[in-house]
Asks: 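Submitted below is the structure of interest, expressed as structure tokens.
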Amino acid sequence: MSFAADILAGKSAIVTGGATGIGAFIVRKLGSLGAQVGIVSRKEENLQRAVVAFKADDGIEVNYRVGDVRDPELISRAIASLAEQQGGMDYLICNAAGNFICPTEQLSANGWKTVIDIDLNGTFHCCQAALPFLKQAKAGGRIVSISTTGANFGWPGAVHAGAAKAGIQNLMQSLSSEWGKYGVRANWISPGPIKGTEGVDRLIIQQGLAERSLERIALGTFGEGDDIANAVIFLCADTGKYISGAELVVDGGSQWHRR
Ligand code: HXC
């Protein structure tokens, strides 16, 4: 799928967790279609490496700030500073996430809290910090959160992430309702397994679950980072102007209810 090369010219986007994984695919796509992009994540070395790679591979200048989505004050400063540098903010992509496989019986209270804090609380902090800027977006601000199909059917072995992502989905629905009056759209994408990401390597392939996962995918293959990035563009560009409070499932027709 391809979009007109200048479809996002003049737009400003911020992607949390944009240095790696699915986030980096989203950054490359936003930038190559003309948007100014800022990324924020915890590790400066990841941010620096990513910015160099975006420039070398795609010719995109990407701005960055160090920030942990769990810390409301820090992340708010990082988002505001990026938005000011980029002359505002049209799109907020809430992509930062943490996850690990652990049977629920063995999951510590802090293990549970850590993932809820990153995924759910972090998304809340970022949305609140972004709102003053999104309100000013000329064509209506967009929030796109990256969820997972695991939030819809339960996620055995990753109950913290499944519950947090289900919370994010409800948060997007509530924000779409509350912030529609500001022209802000809030939606989420639920990816299935995306190949070449650290998450799928660690959570599926290294767990010996690749074959079983593939059997459940109607199209018979894991997705690609660009499949998610294209869905983000569809929701952010004019194509998504009448969509809010909605889920866009991008999973090759997975049937997660098949145990
Ligand atoms: C059991 C674990 C654990 C594990 C951490 N903990 N890893 N428990 N099994 N494998 C527990 C720790 O013991 C501790 O609890 C608590 O969780 C916090 O751990 P820290 O290491 O101190 O946390 P932190 O350094 O903040 O790291 C956060 C993290 C980490 C989420 C735990 O894994 C991380 O930063 N990951 C990188 C980001 C990431 O996961 N990306 C992939 C997302 S992919 P105690 O009780 O000991 O104090 C995704 C979608 C995948 O979400 C889709 C697949 C289909």
Side-chain angles (χ1 to χ4, degrees), residues 15-26 39-47 49-50 66-71 74-75 93-123 125 144-169 188-217 219 221-225 227-229 231-232 249-258:
V15 183
T16 68
T20 55
I22 288 174
F25 284 96
I26 295 170
I39 58 177
V40 54
S41 67
R42 275 184 292 166
K43 295 182 184 152
E44 184 148 25
E45 66 269 24
N46 285 354
L47 288 160
R49 202 178 309 123
V66 178
D68 188 329
V69 295
R70 290 173 283 194
D71 182 329
L74 262 186
I75 200 68
I93 316 301
C94 297
N95 165 78
N99 203 352
F100 53 82
I101 299 294
C102 182
T104 307
E105 285 172 85
Q106 292 158 28
L107 182 62
S108 70
N110 193 38
W112 165 268
K113 181 178 178 299
T114 297
V115 172
I116 298 287
D117 264 351
I118 298 171
D119 293 19
L120 179 56
N121 297 341
T123 299
H125 298 148
V144 180
S145 288
I146 306 303
S147 181
T148 167
T149 48
N152 298 331
F153 303 109
W155 197 346
V159 292
H160 40 15
K165 298 285 194 177
I168 288 172
Q169 298 186 176
W188 70 97
I189 294 169
S190 294
I194 301 301
K195 67 185 168 198
T197 59
E198 185 270 341
V200 163
D201 285 348
R202 183 163 50 86
L203 302 171
I204 294 186
I205 296 170
Q206 288 172 29
Q207 307 291 325
L209 296 173
E211 204 175 320
R212 200 166 147 216
S213 298
L214 282 169
E215 279 169 9
R216 294 180 182 176
I217 299 174
L219 295 179
T221 176
F222 290 151
E224 297 177 359
D227 294 325
I228 307 306
V232 169
V249 176
V250 184
D251 72 347
S254 301
Q255 300 166 30
W256 285 98
H257 53 281
R258 277 176 57 201

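First listed ligand is number 1; within each ligand, the first listed atom is number 1. What's counted below: heavy atoms across the whole structure, side chains too, no hydrogens, waters or symmetry copies.
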Asks: Where on Trp155 is there a heavy atom closer than 4.0 Å to ligand 1, on the side chain, on the backbone, on both, or on neither?
Replies: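 It is the side chain that touches ligand 1; the backbone stays farther off.
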Asks: More than 12 foreign heavy atoms under 6.0 Å from CD of Glu45: is that the case here?
Replies: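 Enclosed: over 12 neighbouring heavy atoms sit under 6.0 Å from CD of Glu45.
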Asks: Check each atom of ligand 1 against the heavy atoms of Leu203 and keep those under 4.0 Å away; list them by number with element.
Replies: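 Ligand 1 atoms under the 4.0 Å threshold to Leu203: 51 (C).
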Asks: If we set the cut-off at 4.0 Å for heavy atoms, which region of Asp119 has an atom near ligand 1: side chain, backbone, both, or neither?
Replies: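 For Asp119, there is no contact with ligand 1 at all, from either part.
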Asks: Is the shortest N/O to N/O distance between Arg70 and ligand 1 below 3.5 Å?
Replies: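 Right, the criterion is met.
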Asks: Between Asn95 (side chain) and Thr16 (backbone), is there a donor-acceptor pair under 3.5 Å?
Replies: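 Confirmed, Asn95 side chain pairs with Thr16 backbone.
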Asks: Short N/O distance, under 3.5 Å, between Thr114 and ligand 1?
Replies: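 No, no N or O pair falls under 3.5 Å.
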Asks: Show the atoms of ligand 1 that are less than 4.0 angstrom away from any heavy atom in Ser108.
Replies: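 Those of ligand 1 that fall under 4.0 Å from Ser108 are 15 (O), 45 (P), 46 (O).
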Asks: Taking Ile146's backbone N and O only, do any of them form a donor-acceptor pair with Lys165's side chain (distance below 3.5 Å, no angle check)?
Replies: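 At least one qualifying donor-acceptor pair exists.
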Asks: Return yes or no for this condition: an N or O of Arg42 is under 3.5 Å from an N or O of ligand 1.
Replies: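 Such a contact does occur with ligand 1.
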Asks: If you count the atoms of ligand 1 from 1 in the order shown, which ones are under 4.0 Å from a heavy atom of Ile204?
Replies: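 Checking each atom against Ile204, I get 55 (C).
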Asks: When rounded to the nearest 0.5 angstrom, what distance separates OG in Ser147 from CD1 in Ile168?
Replies: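 Nearest 0.5 Å value for the OG-CD1 distance: 6.0 Å.
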Asks: On a heavy-atom basis, which atom in Asp251 and which in Ser254 lie closest, and how many Å separate them?
Replies: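 What the structure gives for the nearest pair is O-OG, 2.7 Å.
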Asks: Rounded to the nearest 0.5 Å, what separation is found between the CD1 atom of Ile101 and the CH2 atom of Trp155?
Replies: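 That separation rounds to 6.5 Å.
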Asks: Distance under 4.0 Å to a non-hydrogen atom of Ala97: what atoms of ligand 1 satisfy this?
Replies: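 With Ala97 as reference, the close atoms of ligand 1 come out as 38 (C), 39 (C), 41 (N), 43 (C), 52 (O).
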Asks: About how many Å separate CZ of Phe222 and CD1 of Ile205, when rounded to the nearest 0.5 Å?
Replies: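 Atom-to-atom, Ile205:CD1 and Phe222:CZ are 5.5 Å apart.
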Asks: Would you compute the distance between atom CZ of Arg70 and atom CG of Asp119 and round it to the nearest 0.5 angstrom?
Replies: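 Taking CZ in Arg70 and CG in Asp119, the distance rounds to 10.0 Å.
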Asks: If we ignore hydrogens and angles and just use 3.5 Å, is the side chain of Asp201 paired with the main-chain N or O of Gln206 as donor and acceptor?
Replies: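 Checking the backbone N and O of Gln206 against the side chain of Asp201, no donor-acceptor pair under 3.5 Å is found.
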Asks: I need the atoms of ligand 1 closer than 4.0 Å to a non-hydrogen atom of Glu198, numbered in the order shown.
Replies: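 Per the distance check, 41 (N), 42 (C).
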Asks: Is ligand 1 under 4.0 Å from a heavy atom in the side chain of Asn99, in the backbone, in both, or in neither?
Replies: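 Within the 4.0 Å criterion, Asn99 contacts ligand 1 through backbone and side-chain atoms alike.
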Asks: Taking 4.0 angstrom as the limit and counting only heavy atoms of Gly111, give me the atoms of ligand 1 inside it, by number and element.
Replies: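 Ligand 1 atoms under the 4.0 Å threshold to Gly111: 11 (C), 15 (O), 16 (C), 17 (O).
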Asks: Under 4.0 Å from ligand 1, counting heavy atoms only, is it the side chain of Arg202, its backbone, both or neither?
Replies: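 Under 4.0 Å from ligand 1, Arg202 contributes side-chain atoms alone.
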